[in-house]
Amino acid sequence: YDAKFSSKDVSVYHPSMTEELIHRKKVESQLSEAADRDEFSLVFQPQYQIQNRKVIGFEALIRWNHNGKVVSPADFIPVLESSGRIIETGQWILDQAFQQMKEWQDAGFDTRVAVNISPVQFRDPDFYDRVVDTLNRHGVCPENVDLEITEGAIISDVTHTAATLKKLKSVGCMISIDDFGTGYSSLAYLKNFPIDQLKIDQAFVKDIPHHDDGTIASSIVVLGLSLGMEVLAEGVETKEQLEFLHMHDCEFFQGFLGSRPLPAKECMELLLRQQQSDTPLEFA
Ligand code: C2E
Ligand code: MG
Ligand code: MG
Ligand code: MG
């Protein structure tokens with residue numbers, strides 16, 4: 001019997017657990033009303049080709065505007081996942097992202113849109129049907145749809161993953177692995193699943209070109225390229241990081257150096273500016 005777990009400790013710990021549970025239930029109930037109250041919105045972060053500094057697409061990122069504050073998705077996505085509500089919200093995200101994409105498509109912009117897919121959403125047996133139905137309803141070009149999944153989504157059920165990814169590929173969608181290198185999956189899946197792009201997690205980009213992070217980032221580029229995949233670096237904030245990535249053959253990047261996530265209207269302005277100008281974008 002370990003003295004550390006005395007009943008005294010337990011009774012002290014218990015009230016805070018209850019408080020935490022009450023807080024979580026409160027957030028859950030606020031989230032359940034968020035969609036009806038129009039509190040969710042999407043912002044879009046530009047993705048660039050490093051070589052010619054062109055915007056090639058946007059990643060859709062959800063925002064929750066609650067009581068005058070913007071709550072980080074890192075804080076509320078897990079709550080949506082544990083309550084199962086992520087399926088519904090994930091559908092809302094697909095609809096909003098595709099609707100936006102259709103607007104850009106109709107304006108003549110052949111731009112890619114990346115959508116984050118929660119592992120819970122990916123595991124939903126109806127996920128594939130939902131994606132196809134949403135594609136059809138909005139009339140967007142599937143080749144420009146980039147579905148971002150994480151290693152966590154992949155490892156839980158290999159048979160389901162293989163079948164789902166194969167079907168998504170057969171309709172033309174692109175598949176990316178988000179936060180690559182931070183999960184617990186085996187590298188074998190890279191050979192067996194139809195993956196188009198690796199997104200280098202910002203943790204490996206952060207300290208470039210110092211320490212070992214440059215080594216990991218450049219190794220991911222080599223790995224991705226040798227498997228015939230595209231490689232995009234996330235969280236690029238400095239010119240030094242961009243130069244390092246360019247020198248190591250990384251083709252795409254995303255990050256505050258290029259742009260923060262923007263409202264859709266500003267993305268359209270960016271696309272128009274790019275179309276009208278011959279000079280490539282300058283990153284400060
Ligand atoms: P993620 O998919 O890896 O998205 C990248 C995150 O890094 C975004 O944070 C983005 O704003 C941030 N970021 C971009 N450039 C930089 C940079 O240069 N420096 C730094 N420090 N950060 C940068 P955000 O929007 O807060 O999203 C956090 C995470 O929440 C996302 O990570 C994703 O896992 C999840 N998430 C966001 N939107 C959605 C969504 O619509 N659906 C789902 N399922 N998850 C989402
Ligand atoms: Mg992402
Ligand atoms: Mg990421
Ligand atoms: Mg992340």
Side-chain angles (χ1 to χ4, degrees), residues 31 34-35 39-48 50 55 57-65 69-101 112-124 127 130-131 134 145-153 174-183 195-208 213 217 220 230-242 245 252-264 267 283-284:
L31 277 167
E39 292 178 349
F40 287 133
S41 59
L42 292 188
V43 286
F44 298 85
Q45 187 176 35
Q47 300 180 321
Y48 303 83
I50 296 177
V55 176
F58 299 93
E59 176 177 5
L61 296 159
I62 193 168
R63 295 291 177 259
W64 179 23
N65 309 285
K69 275 184 285 184
V70 181
V71 187
S72 164
D75 293 331
F76 71 83
I77 293 281
V79 181
L80 289 173
E81 287 174 336
S82 68
S83 69
R85 200 168 277 279
I86 190 68
I87 307 281
E88 201 181 308
T89 311
Q91 180 60 53
W92 182 89
I93 294 165
L94 280 177
D95 270 301
Q96 293 293 309
F98 290 3
Q99 186 186 317
Q100 192 52 62
M101 196 177 158
R112 182 190 283 179
V113 175
V115 183
N116 289 284
I117 306 298
S118 148
V120 178
Q121 196 185 355
F122 184 77
R123 280 196 288 270
D124 173 17
F127 177 65
R130 283 171 177 275
V131 171
T134 317
V145 170
D146 177 13
L147 301 171
E148 293 193 6
I149 55 177
T150 54
E151 292 168 67
M174 167 177 177
I175 310 290
S176 294
I177 304 295
D178 200 359
D179 306 338
F180 183 74
T182 62
I195 292 153
D196 301 284
Q197 177 173 257
L198 300 181
K199 296 191 76 176
I200 306 175
D201 191 76
Q202 51 195 47
F204 305 124
V205 173
K206 214 173 158 213
D207 288 336
I208 287 176
D213 293 286
I220 294 175
E230 293 180 2
V231 182
L232 179 147
E234 289 194 86
V236 177
E237 294 183 354
T238 70
K239 266 188 153 166
E240 290 70 33
Q241 291 168 342
L242 191 67
L245 290 159
F252 305 100
F253 91 97
Q254 216 179 308
F256 296 164
L257 178 68
S259 170
R260 289 184 176 262
L262 305 169
C267 296
F283 299 122

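When a residue number appears, it is its place in the shown sequence, counting from 1. Atoms within a ligand are numbered from 1 in the order they appear, just like the ligands themselves. Note: hydrogens, waters and symmetry copies are ignored here, and every other heavy atom, side chains too, is used.
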(message) Can you tell me how far apart OG1 (Thr238) and CD1 (Ile208) are? Round to the nearest 0.5 Å.
(response) 8.0 Å
(message) Quick test of your reading of the structure: of Phe253, Phe256, Trp92, whose heavy atom lies closest to atom 23 (C) of ligand 1?
(response) Phe256
(message) How long is the straight-line distance from CG of Leu257 back to CD of Glu240, given to the nearest 0.5 Å?
(response) 9.0 Å
(request) Give the intermediate values and the outcome of side-chain contact (heavy atoms from CB on, under 4.5 Å) for residues Lys199 and Phe180. (result) CA-CA 6 Å; Lys199 296 191 76 176; Phe180 183 74; 5.6 Å; no
(message) For Arg63, state whether at least one heavy atom is located under 4.0 Å from any atom of ligand 1.
(response) yes
(message) Just verifying a value: how many Å separate Asp95 CG and Arg130 CZ, rounded to the nearest 0.5 Å?
(response) 10.0 Å
(message) Can you see whether Thr134 engages Gln91 through a side-chain donor-acceptor pair at a distance of less than 3.5 angstrom?
(response) yes
(request) Nearest heavy atom to atom 12 (C) of ligand 1 wins, so pick from Glu148, Gln202, Glu81. (result) Gln202
(request) Determine, considering heavy atoms only, which of Pro73, Gly90, Pro261 sits nearest to atom 37 (C) of ligand 1. (result) Pro73
(message) If the cut-off is 4.0 Å to any non-hydrogen atom of Gly235, which atoms of ligand 1 fall inside it?
(response) 16 (C), 17 (C), 18 (O)
(request) Give the name of the N/O/S atom in Glu59 that lies closest to the Mg ion (ligand 2). (result) OE2
(request) Indicate if the distance from the Mg ion (ligand 3) to the nearest N, O or S atom of Asp179 falls below 2.8 Å. (result) yes
(request) Below 4.0 angstrom from a heavy atom of Gln45, which ligand 1 atoms are there? Numbered from 1 as shown, please. (result) 14 (C), 15 (N)
(request) Check if Gln121 has a non-hydrogen atom at a distance under 4.0 Å from any atom of ligand 1. (result) no
(request) Can you figure out which of Asp75, Leu42, Asn116 has its heavy atom closest to atom 45 (N) of ligand 1? (result) Asn116
(message) What is the name of the N/O/S atom of Glu148 that is nearest to the Mg ion (ligand 2)?
(response) OE1
(request) Could you tell me whether Asp178 approaches ligand 1 through its side chain, its backbone, both or neither, with non-hydrogen atoms closer than 4.0 Å? (result) side chain
(request) Give a yes/no answer: is there an N/O/S atom of Asp178 under 2.8 Å from the Mg ion (ligand 3)? (result) yes
(message) Within the 4.5 Å heavy-atom criterion, are Gln100 and Cys267 side-chain neighbours or not?
(response) no
(request) To the nearest 0.5 Å, tell me how far Phe122 CZ sits from Leu147 CG. (result) 9.0 Å
(message) Side chains of Ser176 and Asp146: any donor to acceptor distance under 3.5 Å?
(response) yes
(request) Examine the proximity of ligand 1 to Arg260 and report which part, side chain or backbone, both or neither, has a heavy atom under 4.0 Å away. (result) neither
(message) Heavy-atom pairs closer than 4.0 Å: do any link ligand 1 to the side chain of Ile93, the backbone, both, or neither?
(response) side chain
(request) Within a distance under 4.0 Å of any heavy atom of Glu59, pick out the atoms of ligand 1 and give their elements. (result) 2 (O), 4 (O)
(message) Checking side-chain hydrogen bond (donor to acceptor under 3.5 Å, both in side chains) between Gln254 and each of Gln202, Glu234, Gln47, which is the one that passes?
(response) Gln47
(request) State which residue, out of Leu80, Val115, Ile77, fulfils the side chain to side chain contact (heavy atoms under 4.5 Å, CB included) condition with Ile62. (result) Ile77
(message) Under 2.8 Å from the Mg ion (ligand 2), is there any N, O or S atom belonging to Asn116?
(response) yes
(request) Check if Glu237 has a non-hydrogen atom at a distance under 4.0 Å from any atom of ligand 1. (result) yes
(request) Hey, can you tell me if Phe40 and Trp92 have their rings parallel, tilted or perpendicular (30° and 60° cut-offs)? (result) tilted
(request) Would you kindly check if the NZ (Lys) or CZ (Arg) of Arg260 is within the cone defined by 45 degrees around the ring axis of Phe256 and under 6.0 Å from the six-membered ring centre? (result) yes
(request) For the Mg ion (ligand 3), find the closest N/O/S atom belonging to Glu234 and write down its atom name. (result) OE2
